[in-house]
Participant: 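Structure in structure tokens, see below.
Keep in mind that this is a model prediction, so the values were computed, not measured. Values below: all heavy atoms of this structure, side chains included; hydrogens, waters and symmetry mates excluded.
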Amino acid sequence: TDRENKVRTAKLQPVFAAAFCLAPSDKRHARHLPSLARIALCLPLLLSPLQSHAQATPEPQQGVATHYDATGPANCSFDPDPRERLIAAMNAVQYGQADWCGASVRVDGPKGSVVVRIVNRCPECPAGHLDLSREAFAQIADLVTGIVPIRWQLVSPALSGPIAYHFKHDSDLKLNPHWLAVQVRNHRNPLVRLEYDAGGQWVEMPRKDHNYFEMTLPKQGPGHYRFRVTDLFGHQLVDEGIPFKANATVKGRAQFPPAP
């Protein structure tokens with residue numbers, strides 16, 4: 001993927017986290033840290049078991065942060081916005097099936113705090129690790145530091161407007177006219193489920209790791225849909241009469257309330 005080809009400030013795979021923490025001091029960002037200090041920095045990662053369930057959680061987390069040049073396409077498949085610079089990539093362990101895509105987290109570092117939106121995945125990063133845009137990292141530490149210990153937690157940001165549904169472009173429909181992919185955008189809280197009404201019965205749409213929910217269409221092809229969206233806290237929004245628009249975004253009627 002494009003993400004995997006990016007130049008990073010750290011290359012950490014979960015199974016090699018201990019090796020990184022204990023490596024000689026001339027390794028990448030670690031060259032800025034004495035060996036004992038680096039071990040102390042990585043201690044939470046070494047002592048904490050890897051999470052087996054990737055669903056987003058409101059519980060406080062701890063780990064480390066690095067930074068990268070956050071430009072271009074990303075795993076969550078949101079349209080790149082050059083104005084949105086406070087963004088981050090979630091580690092592969094907790095990313096799951098795009099469970100954190102679109103969510104906002106507050107990151108507390110050595111020199112301050114910043115709220116970032118999760119738009120990407122860091123395939124080399126172990127549990128607890130966030131890879132921040134340079135602009136976001138600069139608000140919690142000096143860029144030259146490279147890697148710093150952090151605490152981070154899910155937040156419900158103030159958003160304008162309702163949630164929205166983005167339909168995957170119609171070139172895919174030409175290949176398979178009975179398949180459709182939908183992405184939910186502008187949601188305040190992490191999503192856990194998207195369903196569509198199939199003749200009075202709610203049918204769950206599987207979520208893929210590129211942050212699209214997929215469905216099998218009726219024989220007549222795309223039309224108008226009734227969707228039900230559920231967030232991490234159990235809030236549900238139902239939108240009726242959502243029309244299919246190829247490679248376009250259709251607004252819903254409401255927004256999720258803040259986290260309890």
Participant: Output the distance between atom CD (Gln153) and atom OG1 (Thr57), rounded to the nearest 0.5 Å.
Facilitator: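 Interatomic distance, Gln153 CD to Thr57 OG1, rounded to 0.5 Å: 8.5 Å.
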Participant: Any side-chain heavy atom of Asn120 sitting closer than 4.5 Å to one from Ile87?
Facilitator: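 A side-chain contact is absent here, since even the closest heavy-atom pair is not under 4.5 Å.
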Participant: How far apart are the closest heavy atoms of His210 and Ser77, and which atoms are they?
Facilitator: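 The pair with the smallest heavy-atom distance is O-OG, 2.7 Å.
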Participant: Distance-only, no hydrogens or angles: does the Asn189 side chain make a donor-acceptor pair with backbone N or O of Pro257 under 3.5 Å?
Facilitator: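 Yes: the side chain of Asn189 pairs with the backbone of Pro257.
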Participant: Do you know which two heavy atoms are closest between Lys168 and Trp179, and how far apart they sit?
Facilitator: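 Scanning both residues, the minimum pair turns out to be CD-CH2, 3.6 Å.
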Participant: Main chain of Gly128, side chain of Gln94: is a donor-acceptor contact present, judged purely on distance under 3.5 Å?
Facilitator: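 Between the backbone of Gly128 and the side chain of Gln94 there is a qualifying donor-acceptor contact (under 3.5 Å).
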Participant: With side chain to side chain contact (heavy atoms under 4.5 Å, CB included) as the test, would you mind laying out the steps for Arg228 and Asp197 before giving the verdict?
Facilitator: CA-CA 8 Å; Arg228 181 169 71 180; Asp197 186 349; over 6 Å; no
Participant: Pair Leu232, Leu154 - check side chain to side chain contact (heavy atoms under 4.5 Å, CB included), show working.
Facilitator: CA-CA 11 Å; Leu232 178 66; Leu154 177 71; 3.7 Å; yes
Participant: Could you state whether Ile118 and Val115 fall into the same hydrophobic cluster, counting links through intermediate Ile, Leu, Val, Met, Phe, Trp or Tyr residues with side-chain heavy atoms under 4.5 angstrom apart?
Facilitator: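 No: no chain of side-chain contacts under 4.5 Å links Ile118 to Val115.
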Participant: Okay, side chain of Gln61, backbone of Glu59: is any donor-acceptor separation there less than 3.5 Å?
Facilitator: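 Looks like yes, one N/O pair under 3.5 Å.
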Participant: Less than 4.0 Å between a side-chain N and a carboxylate O, is that true for Arg253 and Asp239?
Facilitator: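 Yes, Asp239 and Arg253 are salt-bridged.
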Participant: Check whether any side-chain N or O of Arg207 sits under 3.5 Å from a backbone N or O of Phe213 as a donor-acceptor pair, and report yes or no.
Facilitator: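 No; judged by distance alone, with no hydrogens or angles, the pair does not exist.
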Participant: How are the rings of Phe167 and Phe227 set relative to one another: parallel (under 30°), tilted (30 to 60°) or perpendicular (over 60°)?
Facilitator: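 It falls in the tilted class, 30° to 60°.
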Participant: Take Val229 and His187 through the test side chain to side chain contact (heavy atoms under 4.5 Å, CB included) and record every step on the way to the result.
Facilitator: CA-CA 10 Å; Val229 190; His187 49 90; over 6 Å; no
Participant: Is it true that the side chains of Gln183 and Arg185 contain a donor and an acceptor less than 3.5 Å apart?
Facilitator: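 Judged by distance alone, the side chains do pair up.
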Participant: Below 3.5 Å, can you tabulate the donor-acceptor pairs from side chains in residues 136-144 to any protein atom, sequence neighbours excluded?
Facilitator:
{"unit_1": "Asp142", "atom_1": "OD1", "unit_2": "Lys111", "atom_2": "NZ", "d": "3.1"}
{"unit_1": "Asp142", "atom_1": "OD2", "unit_2": "Lys111", "atom_2": "NZ", "d": "2.8"}

Participant: Considering all heavy atoms of both residues, which atom of Val119 and which atom of Cys76 are nearest to each other, and what is their separation?
Facilitator: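 Heavy-atom minimum between the residues: O-CB, 3.1 Å.
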Participant: Give the minimum heavy-atom separation between Gln255 and Arg188, together with the two atoms involved.
Facilitator: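 Looks like OE1-N, 3.0 Å.
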Participant: Within the side chain of Ser133, is there an N or O that forms a donor-acceptor pair under 3.5 Å with the backbone of Arg85?
Facilitator: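 Yes: the side chain of Ser133 pairs with the backbone of Arg85.
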Participant: What are the two closest heavy atoms between Ala88 and Tyr68, and how far apart are they?
Facilitator: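 Nearest pair, atom of Ala88 first, then Tyr68: C-OH, 4.5 Å.
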Participant: Applying side chain to side chain contact (heavy atoms under 4.5 Å, CB included) to Phe78 and Arg117, what does each step give before you reach the verdict?
Facilitator: CA-CA 11 Å; Phe78 297 126; Arg117 190 166 78 108; 3.7 Å; yes
Participant: Would you indicate whether the side-chain heavy atoms of Phe233 and Pro58 approach each other to under 4.5 Å?
Facilitator: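 Yes - at least one pair of side-chain heavy atoms lies under 4.5 Å apart.
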Participant: Are any side-chain N or O atoms of Asn186 and backbone N or O atoms of Ser160, one a donor and one an acceptor, separated by less than 3.5 Å?
Facilitator: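 Pair found, side chain donor or acceptor close to backbone of Ser160.
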Participant: Compute the centroid of each ring, for Tyr196 and then for Tyr225, and state whether the two points are separated by less than 6.0 Å.
Facilitator: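 Ring centroids of Tyr196 and Tyr225 are no less than 6.0 Å from each other.
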Participant: What is the ring orientation for Tyr212 with His166, classed by angle as parallel under 30°, tilted 30 to 60°, or perpendicular over 60°?
Facilitator: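 The rings of Tyr212 and His166 sit tilted, inter-plane angle from 30° to 60°.
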Participant: If every non-hydrogen atom of Asp99 is compared with every non-hydrogen atom of Pro190, which pair is closest and at what distance?
Facilitator: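 Asp99 and Pro190 have their closest heavy atoms at O-CB, 4.0 Å.
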Participant: Within the 4.5 Å heavy-atom criterion, are Tyr95 and Asn75 side-chain neighbours or not?
Facilitator: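 They are in side-chain contact.
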Participant: Tell me whether Val155 is reachable from Ile163 by hopping between hydrophobic residues (I, L, V, M, F, W, Y) whose side-chain heavy atoms are closer than 4.5 Å.
Facilitator: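 Each belongs to a different hydrophobic cluster.
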Participant: Of all residues at least two apart in sequence or in a different chain, which pass the salt bridge (charged side-chain N to carboxylate O under 4.0 Å, His left out) check with Arg193?
Facilitator: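 Only Glu204 meet the salt bridge (charged side-chain N to carboxylate O under 4.0 Å, His left out) criterion with Arg193.
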Participant: Report the residues that fulfil salt bridge (charged side-chain N to carboxylate O under 4.0 Å, His left out) with Asp209, sequence neighbours left out, ordered by chain and then residue number.
Facilitator: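 Per chain and number, Asp209 pairs via salt bridge (charged side-chain N to carboxylate O under 4.0 Å, His left out) with no residue.
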Participant: Just wondering, are more than 12 heavy atoms of other shown residues or ligands nearer than 6.0 Å to CZ in Arg151?
Facilitator: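 No, CZ of Arg151 has 12 or fewer neighbouring heavy atoms, counting only those of other groups under 6.0 Å.
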Participant: Could you measure the distance from the CE atom of Met205 to the CG atom of Leu180? Nearest 0.5 Å is fine.
Facilitator: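 Result: 6.0 Å between the selected atoms.
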Participant: Do Trp100 and Leu159 belong to the same hydrophobic cluster, where Ile, Leu, Val, Met, Phe, Trp and Tyr are linked whenever their side-chain heavy atoms lie under 4.5 Å apart, directly or via other members?
Facilitator: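 Each belongs to a different hydrophobic cluster.
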Participant: With hydrophobic residues grouped by side-chain heavy-atom distances under 4.5 Å, do Val203 and Tyr165 end up in a single group?
Facilitator: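 Linked, Val203 and Tyr165 end up in one cluster.
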Participant: Quick check on the hydrophobic clustering: are Phe256 and Leu194 connected, directly or via other members, by side-chain heavy-atom contacts under 4.5 Å?
Facilitator: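 Phe256 clusters together with Leu194.
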